[in-house]
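To keep things clear, I will list the structure first and then write my remarks on it.
As the structure is a prediction and not an experimental result, all values here were calculated from the model.
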Amino acid sequence: MATRLKIKTTEGDITIRLYDETPRHRDNFLKLAKEGYFNSTIFHRVIKDFMIQGGDPDSKDAPKGKMLGTGGPGYTIPAEFVYPQYFHKRGALSAARTGDEVNPKRKSSGSQFYIVWGKTYKPTELKQMEHQMAMQQEQEVFNQLTKKHHEEIMNFRRNRDREGLQALQEQLIEETKNHCKQQGKPVFTDEQTEIYTTVGGTPFLDNQYTVFGEVEEGLDVVERIQNCNTDRNDRPTEDIRIEAVDTL
């Protein structure tokens, strides 16, 4: 049976469905909702044509101008990517997280989440994005291989062995190409292409952040919130509060 909840906000109600394929995120969100963890928090980060973000406990009664976005329950959740089945279409419910440089395993925040609004894309823009994703994939694989050979690389440098360094670099480039060929080039599915060109979303976040649910009712409320006036830190100038998150 699907897990459904109602997020009651000062702008109206948003009904969400949590995915069973992301059980850790589902159970955690459900637990926090039942504890009243989200009650009186605000949507502290809102970016028009992008997304609305909430779930920071520090946002309860936060004075105007207070920097928000680092609060949480003191734990993270391992990433649960169910991609490409679940992606960043308009209305997707996803987990916020810290950046790759401090969080290479892309673990999710224990409580902060965002709901996607995004925009529609032309097919040519998606193709361009696929090309960028392929380059990023190659870079990530190459970086991982370089880490494995770190000691060897340092020895070549210490000994000023340019030829050895060059030979190893060529070997790693070849290994990267083979590895990427095995993985397959990152491409958008027909369903993604259809939705991103007609409904909208944020395709550049796919496979980077865990998508663990979606809006079933109340997209008009999400639209209203993402259209609100914000300050230079993307916080709404008038607080938009989550009054409660109730199970249905």
Side-chain angles (χ1 to χ4, degrees), residues 3-11 14-47 50-83 86 88 91-117 202 204-215 221-222 225-226 228 230-236 239-247:
T3 306
R4 296 169 74 243
L5 300 101
K6 184 173 281 189
I7 302 174
K8 294 180 175 176
T9 83
T10 46
E11 286 292 323
I14 304 166
T15 302
I16 56 169
R17 173 168 62 88
L18 305 181
Y19 298 143
D20 290 335
E21 294 87 344
T22 51
R24 283 175 165 170
H25 285 73
R26 176 200 63 202
D27 294 350
N28 179 66
F29 196 88
L30 204 50
K31 171 183 165 286
L32 295 179
K34 284 177 177 173
E35 288 172 357
Y37 188 92
F38 299 114
N39 299 5
S40 297
T41 59
I42 65 170
F43 285 101
H44 64 273
R45 184 167 175 248
V46 173
I47 302 175
F50 183 33
M51 56 92 222
I52 64 173
Q53 184 170 329
D56 183 348
D58 298 344
S59 70
K60 291 182 186 183
D61 305 317
K64 288 268 192 288
K66 183 183 176 182
M67 284 291 287
L68 297 167
T70 56
Y75 59 81
T76 55
I77 306 164
E80 291 181 298
F81 297 145
V82 186
Y83 182 79
Y86 296 132
H88 282 77
L93 172 70
S94 306
R97 65 174 178 83
T98 52
D100 285 2
E101 62 284 351
V102 292
N103 179 20
K105 292 189 174 172
R106 295 172 177 166
K107 293 175 182 176
S108 299
S109 158
S111 64
Q112 289 194 44
F113 64 90
Y114 60 94
I115 298 173
V116 172
W117 187 257
T202 55
F204 50 89
L205 297 182
D206 280 345
N207 224 10
Q208 311 277 324
Y209 296 76
T210 297
V211 178
F212 66 99
E214 64 182 79
V215 173
V221 178
V222 178
I225 296 171
Q226 66 95 33
C228 74
T230 54
D231 64 20
R232 62 182 181 178
N233 295 314
D234 302 316
R235 177 176 166 177
D239 286 349
I240 298 168
R241 203 163 292 285
I242 294 173
E243 294 166 333
V245 181
D246 298 330
T247 51

Could you state the interatomic distance from SG (Cys228) to CD (Glu11), rounded to the nearest 0.5 Å? 8.0 Å

What I want to check is whether the side chains of Gln208 and His88 have a donor and an acceptor closer together than 3.5 Å. no

How many angstroms lie between CG in Leu18 and OG1 in Thr3, if you round to the nearest 0.5 Å? 5.5 Å

Decide whether Glu214 and Tyr86 meet the rule of one side-chain donor and one side-chain acceptor closer than 3.5 Å. no

Going by heavy atoms in the side chains, are Arg97 and Lys107 under 4.5 Å from each other? no

Nearest 0.5 angstrom please: Ile242 CD1 to His44 NE2, how far? 10.0 Å

Partners of Glu243 by side-chain contact (heavy atoms from CB on, under 4.5 Å), sequence neighbours excluded? Lys8, Thr10

Ring centroid separation Phe38 to Phe113 under 6.0 Å: yes

Quick check: closest heavy atoms across Lys6 and Thr15, and the distance to 0.1 Å? CE-OG1, 3.9 Å

Using 30° and 60° as the class boundaries, would you call the ring planes of Phe29 and Phe212 parallel, tilted or perpendicular? tilted

What residue pairs, at least two apart or across chains, pass side chain to side chain donor-acceptor pair (under 3.5 Å) with a residue in residues 22-31? Asp20-Arg26, His25-Glu80, His25-Ser108, Asn28-Tyr75, Lys31-Glu35

Whether Asp56 and Lys60 form a salt bridge (side-chain N of Lys/Arg under 4.0 Å from carboxylate O of Asp/Glu) is what I want to check. no

Nearest heavy-atom approach of Gly69 to Gln112 is O-NE2, 3.0 Å

Nearest 0.5 Å, please: how far is CG in Leu5 from OG1 in Thr247? 6.0 Å

How long is the gap from CG on Asp239 to CG on Asp61, to the nearest 0.5 Å? 9.0 Å

Would you say that Tyr83 contacts Val211 through its side chain, given a criterion of any heavy-atom pair below 4.5 Å between the two side chains? no

Identify the residue among Ile16, Val215, Thr210 that makes a side-chain contact (heavy atoms from CB on, under 4.5 Å) with Leu93. Ile16

How close do Gly54 and Phe43 get, counting heavy atoms only, and between which atoms? N-CD2, 4.0 Å

What is the distance from atom CD1 of Ile14 to atom CD1 of Ile115, rounded to the nearest 0.5 Å? 4.5 Å

Main-chain N/O of Ser109 paired to Thr76 side chain as donor or acceptor, under 3.5 Å: no

